[in-house]
There are 2 protein chains.
Amino acid sequence: MVRKQSAADQPLRLDNQICFAVYSAAHAFNRVYKPLLDRLGLTYPQYLVMLVLWEQDDVPVKDIGERLFLDSGTLTPLLKRLEAAHLLKRTRSSEDERQVLIALTPQGQALKEKARNVPQSILAASECSVSELVAMKNEIVALRNRLNAVIGE
Amino acid sequence: MVRKQSAADQPLRLDNQICFAVYSAAHAFNRVYKPLLDRLGLTYPQYLVMLVLWEQDDVPVKDIGERLFLDSGTLTPLLKRLEAAHLLKRTRSSEDERQVLIALTPQGQALKEKARNVPQSILAASECSVSELVAMKNEIVALRNRLNAVIGE
DNA sequence: TCACATTTAATTGTTCGCAATTGAATATGC
DNA sequence: GCATATTCAATTGCGAACAATTAAATGTGA
């Protein structure tokens with residue numbers, strides 16, 4: 001019995017790999033964000049940290065790390081750069097001296113206004129309807145959560 | 001008129017952003033791949049380069065870059081590391097001296113066999129059916145291509 | 001032919017991302 | 001109460017990722 005070779009029969013082909021799709025999409029997003037975030041003086045990971053802080057201020061480094069799935073080796077130098085840019089302050093907690101609390105400065109809070117129009121620019125670049133994007137986002141988040149669960153084992 | 005505030009009304013919320021979903025999913029994939037690729041002595045970007053070369057050998061750096069959406073600033077040092085690991089050889093083309101041609105060594109070709117079971121391990125970790133993954137992959141690729149088109153303007 | 005533009009890799013400098021380790025603070029068990 | 005374990009941030013070292021620049025080779029037009 002002869003049958004046509006389908007894509008699924010070639011698992012090592014680059015174009016068949018969802019992981020490469022995700023990897024390359026992440027870079028593509030980054031490149032779209034870059035000119036927008038340059039105006040705010042932020043990199044994309046720095047923007048993510050600011051998003052967390054705009055939702056909840058005065059949080060320990062660990063909480064930010066859990067939100068973004070990043071560890072202190074990534075966050076510590078990044079937060080120091082944001083502190084050097086006067087967007088936040090790092091202070092060791094008095095209740096638990098192991099923790100460093102991150103609090104926005106007035107400039108850091110003010111930057112939220114300048115960032116307000118970023119999401120709609122990204123939406124435009126994606127050339128997608130909001131409902132399509134929401135559906136995709138939910139699928140990707142579900143996949144990510146399953147992957148993270150496997151790692152945690 | 002009062003109505004409930006929906007997710008779409010809060011574009012700056014981290015959890016509403018597809019880009020963060022993609023970004024964090026890429027990292028999650030990376031963490032799942034890591035132990036598998038450690039056995040091959042490869043990082044994930046190095047694995048991607050090997051995937052390209054397993055499909056087509058003896059190609060210029062530029063072709064690899066176009067396939068992976070990476071530039072020479074990323075690829076040159078990465079390829080030098082793969083050369084140091086005796087997986088490939090870099091030789092300047094005699095027809096066009098600007099080009100550097102990348103060719104697998106026998107070890108590089110042999111590694112393909114050891115890599116053969118990687119995709120199925122990833123599939124298992126995703127806890128998804130193949131058809132679901134293919135559908136998601138196609139959506140993400142389509143999104144990525146639209147984003148890259150915007151950048152190219 | 002010769003000036004000029006284009007193509008291609010390589011280089012430099014900055015920022016992530018993470019593993020592994022360190023060191024200090026806190027929690028736990030006996 | 002004290003030894004031990006755990007938690008948390010910081011540090012170190014390595015490998016991406018990319019912008020900007022450099023340098024060499026090639027292509028093009030007058």
Side-chain angles (χ1 to χ4, degrees), chain A residues 20 23-35 37-38 40-50 59-66 68-85 88 90-102 148 151, chain B residues 19-20 23-35 37-38 40-50 59-66 68-85 87-88 90-102 148 151:
Chain A
F20 175 62
Y23 168 91
S24 54
H27 290 314
F29 266 121
N30 207 351
R31 290 189 276 261
V32 173
Y33 269 102
K34 180 125 203 331
L37 295 182
D38 277 351
L40 306 182
L42 296 174
T43 65
Y44 184 69
Q46 290 170 2
Y47 172 69
L48 290 180
V49 168
M50 295 302 286
V59 290
V61 174
K62 182 156 197 277
D63 288 20
I64 299 174
E66 280 174 2
L68 301 179
F69 308 99
L70 295 173
D71 70 359
S72 70
T74 302
L75 287 175
T76 296
L78 188 155
L79 290 167
K80 284 183 176 176
R81 281 187 282 272
L82 289 177
E83 188 178 39
L88 53 81
R90 305 175 332 117
T91 39
R92 211 158 269 281
S93 164
S94 51
E95 290 124 47
D96 187 340
E97 295 257 338
R98 292 171 303 182
Q99 293 187 351
V100 168
L101 296 177
I102 306 298
N148 277 333
I151 298 162
Chain B
C19 182
F20 175 62
Y23 169 92
S24 54
H27 290 316
F29 265 119
N30 206 355
R31 290 189 275 262
V32 173
Y33 268 102
K34 178 124 204 331
L37 295 182
D38 277 351
L40 306 182
L42 296 174
T43 64
Y44 183 69
Q46 288 170 4
Y47 172 69
L48 290 180
V49 168
M50 295 303 286
V59 289
V61 174
K62 183 154 197 278
D63 288 19
I64 299 174
E66 279 173 3
L68 302 179
F69 307 98
L70 296 173
D71 69 0
S72 71
T74 301
L75 287 175
T76 296
L78 189 156
L79 291 167
K80 284 182 177 175
R81 282 187 281 272
L82 289 176
E83 187 177 40
L87 295 175
L88 53 81
R90 305 177 330 117
T91 38
R92 211 158 269 279
S93 165
S94 51
E95 290 124 47
D96 186 339
E97 295 257 339
R98 294 170 301 181
Q99 293 187 353
V100 169
L101 296 177
I102 306 298
N148 278 333
I151 298 161

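Computed over heavy atoms, backbone and side chain alike; hydrogens, waters and symmetry mates excluded.
Without hydrogens or angle criteria, Asn30(B) side chain to Tyr33(B) main chain gives no donor-acceptor distance under 3.5 Å.
Remark: Arg92(B) pairs with no residue by the side chain to side chain donor-acceptor pair (under 3.5 Å) rule, at least two apart or across chains. When the salt bridge (charged side-chain N to carboxylate O under 4.0 Å, His left out) test is applied to Glu97(B), no partner is found at least two apart in sequence or on another chain. Partners of Lys34(A) by salt bridge (charged side-chain N to carboxylate O under 4.0 Å, His left out), not counting sequence neighbours, listed by chain and number: Asp38(A).
For the pair Leu82(A)/Leu42(A), a side-chain contact is recorded, criterion being any heavy-atom separation below 4.5 Å from C-beta on.
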Listing time: all N or O pairs from protein to nucleotides 26-29 of chain C that are below 3.5 Å?
residue	atom	partner	partner atom	Å
dT26(C)	OP1	Glu95(A)	O	3.3
dT26(C)	OP1	Glu97(A)	N	3.2

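Going from atom CG of Leu78(A) over to atom P of dT14(C) covers 16 Å, rounded to whole Å. Atom CD of Glu83(B) is separated from atom P of dA9(C) by 15 Å (rounded to the nearest Å). The separation between Tyr44(B) atom OH and dC18(C) atom P is 14 Å, rounded to whole Å.
Ring planes of Tyr44(B) and Tyr23(A): perpendicular class, angle over 60° (limits at 30 and 60°).
Among the candidates Leu78(A), Leu70(A), Leu75(A), the single residue satisfying the side chain to side chain contact (heavy atoms under 4.5 Å, CB included) test with Ile64(A) is Leu75(A).
Running 5' to 3' along DNA chain D, contacts with non-hydrogen atoms of chain B at under 4.0 Å begin and end at dG15(D) to dT26(D).
In this model, the phosphate group of dA24(C) is not approached by any side-chain N or O of Gln99(A) to a distance below 4.0 Å at OP1 or OP2.
Within residues 24-33 of chain A, no residue approaches DNA chain C, by heavy-atom distance under 4.0 Å.
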